[in-house]
Amino acid sequence: MARARVKLISSGMKALLSDKGVGRDLMRRADRVADAARRGAPVVSGEYRDGITTWSDRTDRTVARVGSTARHAPLVESRTGNMARALDSAGGEE
């Protein structure tokens with residue numbers, strides 16, 4: 001059986017990973033993750049849930065991020081896994 005060979009063209013991949021359409025899709029998915037995280041967030045004071053937000057960033061490519069501005073967000077995540085569970089809502093098409 002013949003084996004397929006794939007050769008990635010660096011300039012093409014860089015253009016794809018920096019494409020504005022890709023960035024919009026990533027932000028749409030990040031917004032879905034944030035919505036799911038807010039729905040699943042444990043609420044004591046509401047600071048963690050209300051601090052869940054999205055933002056775009058740049059490394060060598062377009063990046064969408066989801067996080068909470070609450071100082072205790074890492075503690076909440078380590079105890080509940082709320083954001084990790086919310087990631088499932090990013091995939092697939094609506």
Side-chain angles (χ1 to χ4, degrees):
M1 175 185 274
R3 299 185 115 201
R5 295 186 66 157
V6 176
K7 182 175 180 182
L8 299 177
I9 301 169
S10 296
S11 61
M13 290 304 296
K14 184 175 182 176
L16 176 65
L17 294 172
S18 299
D19 182 75
K20 290 183 193 286
V22 170
R24 283 190 299 273
D25 183 61
L26 288 173
M27 285 307 296
R28 182 179 56 83
R29 291 171 188 266
D31 288 337
R32 288 200 317 235
V33 171
D35 289 342
R38 285 184 205 100
R39 285 191 306 272
V43 179
V44 175
S45 69
E47 181 183 3
Y48 168 76
R49 179 203 56 217
D50 296 344
I52 294 173
T53 188
T54 61
W55 64 98
S56 62
D57 204 353
R58 294 271 313 154
T59 59
D60 58 333
R61 62 193 69 182
T62 301
V63 178
R65 301 187 189 271
V66 180
S68 177
T69 57
R71 286 184 335 161
H72 62 287
L75 180 62
V76 173
E77 182 59 23
S78 72
R79 290 183 177 171
T80 68
N82 181 55
M83 292 274 188
R85 282 193 315 280
L87 282 174
D88 284 340
S89 60
E93 295 299 318
E94 290 181 350

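Of all the heavy atoms in Ala37 and Ala86, the pair that sits closest is N-CB, 3.6 Å. In plain terms, the two heavy atoms of Val33 and Ser89 that are nearest each other are CA-OG, 3.5 Å. The two residues Tyr48 and Asn82 have their closest heavy-atom pair at OH-ND2, 3.2 Å.
Rounded to the nearest 0.5 angstrom, Leu26 CG and Asp19 CG are separated by 10.0 Å. Expressed to the nearest 0.5 Å, how far NZ of Lys14 lies from CG of Leu16 amounts to 13.0 Å. The CG atom of Leu75 sits 9.0 Å away from the OG1 atom of Thr80 when rounded to the nearest 0.5 Å.
Salt bridge annotation for Arg28-Asp25: present, with a cationic side-chain nitrogen under 4.0 angstrom from a carboxylate oxygen.
With sequence neighbours excluded, the residues that form a side-chain contact (heavy atoms from CB on, under 4.5 Å) with Arg38 are Ala34, Asp35, Arg49, Ile52.
Sorted by first and then second residue, the side chain to side chain donor-acceptor pair (under 3.5 Å) pairs with a member in residues 59-77 read Asp57-Arg65, Arg58-Thr62; sequence neighbours excluded.
If you chain together hydrophobic residues whose side chains sit under 4.5 Å apart, Val6 and Met13 fall into the same group.
Looking at heavy atoms from C-beta onward, Pro42 lies in side-chain contact with Val76 at the 4.5 angstrom threshold.
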